[in-house]
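Written below as C-alpha cells is the structure these notes are about.
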Number of protein chains: 2
Amino acid sequence: MEQLNNVIFYTIDKSIRTYRQYAQRQLKNAGYSITIDQWLVIKTLLENPDIKQQELGEKIFKDNASVTRIIELLVRAKYLKRRNNTEDRRRTGLEVTEKGKETIADVHKIVLKNRSVALEGISKTELETVKKVLMKITKNCQDD
Amino acid sequence: MEQLNNVIFYTIDKSIRTYRQYAQRQLKNAGYSITIDQWLVIKTLLENPDIKQQELGEKIFKDNASVTRIIELLVRAKYLKRRNNTEDRRRTGLEVTEKGKETIADVHKIVLKNRSVALEGISKTELETVKKVLMKITKNCQDD
DNA sequence: AAAATATATTTGATATATCAAATATTGATA
DNA sequence: TATCAATATTTGATATATCAAATATATTTT
C-alpha cells in the first residue's frame, strides 16, 4: 500500500482527530456533557453578541445547516435562549444563559490545558512553519 | 476574541476540511458519486484482501461502527460483495466487484492530482516539519 | 407598489463519528 | 463439556457535515 502515513493529509487528519478525542475525553472526565463544538459556539456568541449565524459559521468553520442544528441543541440544553430580533425578522437573537456563561468559564480552563498538553515539546518556530504550510494548503484548495 | 486563527488546532481543522471539500468537489466534477472515504475503503480492501474490518478501521482512522456503515453503503452501491468466511464465522468476507476495481483506478488519478494541487509551493523540508509536529501532537494526545 | 433579487435561516436527505450495548462466534479453562 | 473470557461485527442513539431546496423576510428595481 502506498503507505497512508506517507500522505500528509492522513497525518493532518489523524492529528486533529486524536486531539479532538483527547479534548472531548478531558471534558467528559471533568463532568461536562457539552461538546467542544458546542462550547465554541457559546463562546463565540458571548464574544460577539449580535453576530449572524452565518458569520458565526464562518468564524468556526461550520456551514449554516450545522450552526442551526448545534444551536438547536444548545437551546434545548438551556445554554442559550432565543429572543426576537425586531430589526430584521429573518434573524433570531440568541442570548447566552447564566448556565451557559458559567460553563464557558469552567471549560475554558480545561481547553487551555488540553492545548498545552497537545503542544508539549513543540517549538515556536516549528508551530510557525506548520501554520504557514497549512494555510498554504487551505489557500491552494480554495483558489481552484 | 482570542483569535481562532492563532490557535493551531483551528488551522489544522480548516486545512483538512478545505482539502476534503476540494477533493470531493473534484470527484463530483469528474462524474463520480463516491466519497473519498468510500474510495479509501475499497482501495484498502483491494490491497489487503483478507483484512479484518477492525484492522481496516485502524489503517484509515475510523472506528468499527463507521467501517460497518461505510461498507454497507458500498455493498448497496455494488462496489463490494459479501461472501462467507468459513474459517471464522464472526467475520464477513468482502470482495471488490469489477465496478469497484474500475472506479478505484480512475479515481486514483484524480486523487493524485488533488494532492499535488493542494501541496503546490510547499517544500519537502517544510512538509517534513509539518509531519513531525503533527505526529508529535498525535502522540501527546494518545499518551495521556 | 408589484415584481425581482438578495439575505438569513431552516429543513430534508444522506454520510460519517462516537460511545455504549448487543450479538455471534471462537478459544480457553475449570 | 459447560462456562467464561475474548474477539469480530453490528446496532442504537446522538452529534455533526454537506448539499440542495424551501421559507421567510428585506431590499432593489421597474
message = Can you tell me if Q53(B) touches the phosphate of dA8(D), counting only side-chain N or O atoms and a distance under 4.0 Å to OP1 or OP2?
response = no

ask   = OP1 or OP2 of dT18(D) less than 4.0 angstrom from a side-chain nitrogen or oxygen of Q21(B), does that happen here?
value = yes

request  = Find the distance D13(A):CG to dT16(C):P and express it as a whole number of Å.
outcome  = 13 Å

Short side-chain N/O contact from S66(A) to OP1 or OP2 of dT16(D), under 4.0 Å = no

ask   = D63(B) or R76(B): which one's nearest nucleotide on DNA chain C is closer to the 5' end?
value = R76(B)

key: NZ/NE/NH1/NH2 to OD/OE distance under 4.0 Å, E95(A) and R83(A)   = yes

query = OP1 or OP2 of dT9(D) sitting under 4.0 Å from any side-chain N/O of T68(B)?
reply = no

inquiry  = With heavy-atom distances below 4.5 Å as the criterion, would you say the side chains of L80(B) and T97(B) are in contact?
reply    = no

key: Proximal nucleotide (of dT10(D), dT10(C), dC19(C)) relative to the A65(B) side chain   = dC19(C)

message = With nearest nucleotide decided by heavy atoms, which residue, E87(A) or I36(A), maps closer to the 5′ end of DNA chain D?
response = I36(A)

query = To the nearest angstrom, how far is I70(A) atom CD1 from dT9(C) atom C1'?
reply = 15 Å

Whole-Å gap separating P (dC19(D)) and CZ (R25(B)) = 8 Å

task = Look at the side chain of R20(A) and the base of dT18(C), then say whether one donor and one acceptor between them are separated by less than 3.5 Å.
result = no

key: D37(A) CG - dT14(D) C1' separation (whole Å)   = 14 Å

remark   = note: K52(A), atom NZ; dA26(D), atom P; distance rounded to Å ~ 13 Å

inquiry  = Given dA20(D), dA8(D), dA15(C), identify the nucleotide with an atom nearest to the side chain of K28(B).
reply    = dA20(D)

message = In whole Å, I'd like the distance from the CG atom of L27(A) to the P atom of dT18(C).
response = 15 Å

inquiry  = Regarding Q38(B), tell me which of base, sugar-phosphate or nothing describes its non-hydrogen contacts under 4.0 Å with the strands shown.
reply    = sugar-phosphate

request  = Look at the side chain of Q54(B) and decide which nucleotide, out of dT10(C), dT18(D), dT9(D), has an atom nearest to it.
outcome  = dT9(D)

task = Tell me whether the OP1 or OP2 atom of dT9(C) has a side-chain N or O from R91(A) closer than 4.0 Å.
result = yes

inquiry  = Under 4.0 Å from OP1 or OP2 of dT27(D): is there any side-chain N or O of R89(A) that close?
reply    = no

query = For DNA chain D, whose closest nucleotide is more 5', that of L73(A) or that of D88(A)?
reply = L73(A)

message = Could you go through Y19(B) and N140(A), starting from their C-alpha distance and side-chain angles, then the distance that decides it, and tell me whether this counts as side chain to side chain donor-acceptor pair (under 3.5 Å)?
response = CA-CA 9 Å; Y19(B) 173 71; N140(A) 284 344; over 6 Å; no

ask   = Does a nitrogen or oxygen in the side chain of T35(A) sit under 4.0 Å from OP1 or OP2 of dT16(D)?
value = yes

ask   = Is there a donor on the side chain of R90(B) or the base of dT7(D) sitting less than 3.5 Å from an acceptor on the other?
value = yes

request  = Kindly say if K62(B) contacts the phosphate of dA17(C), meaning a side-chain N or O under 4.0 Å from OP1 or OP2.
outcome  = yes

ask   = Are any of the side-chain nitrogens in E72(B) or R76(B) under 4.0 Å away from the carboxylate oxygens of its partner?
value = yes

query = Could you give the CD-to-P distance, from E58(A) to dT18(D), as a whole number of Å?
reply = 14 Å

ask   = Cut-off 3.5 Å, side chains only: do D63(B) and S66(B) have a donor facing an acceptor?
value = yes

query = Side-chain N or O of R17(A) less than 4.0 angstrom from OP1 or OP2 on dA17(C)?
reply = yes

ask   = Between E128(B) and K132(B), is the closest basic N to carboxylate O distance under 4.0 Å?
value = no

query = Given atom CG of L74(B) and atom P of dT9(D), what is their separation to the nearest angstrom?
reply = 15 Å

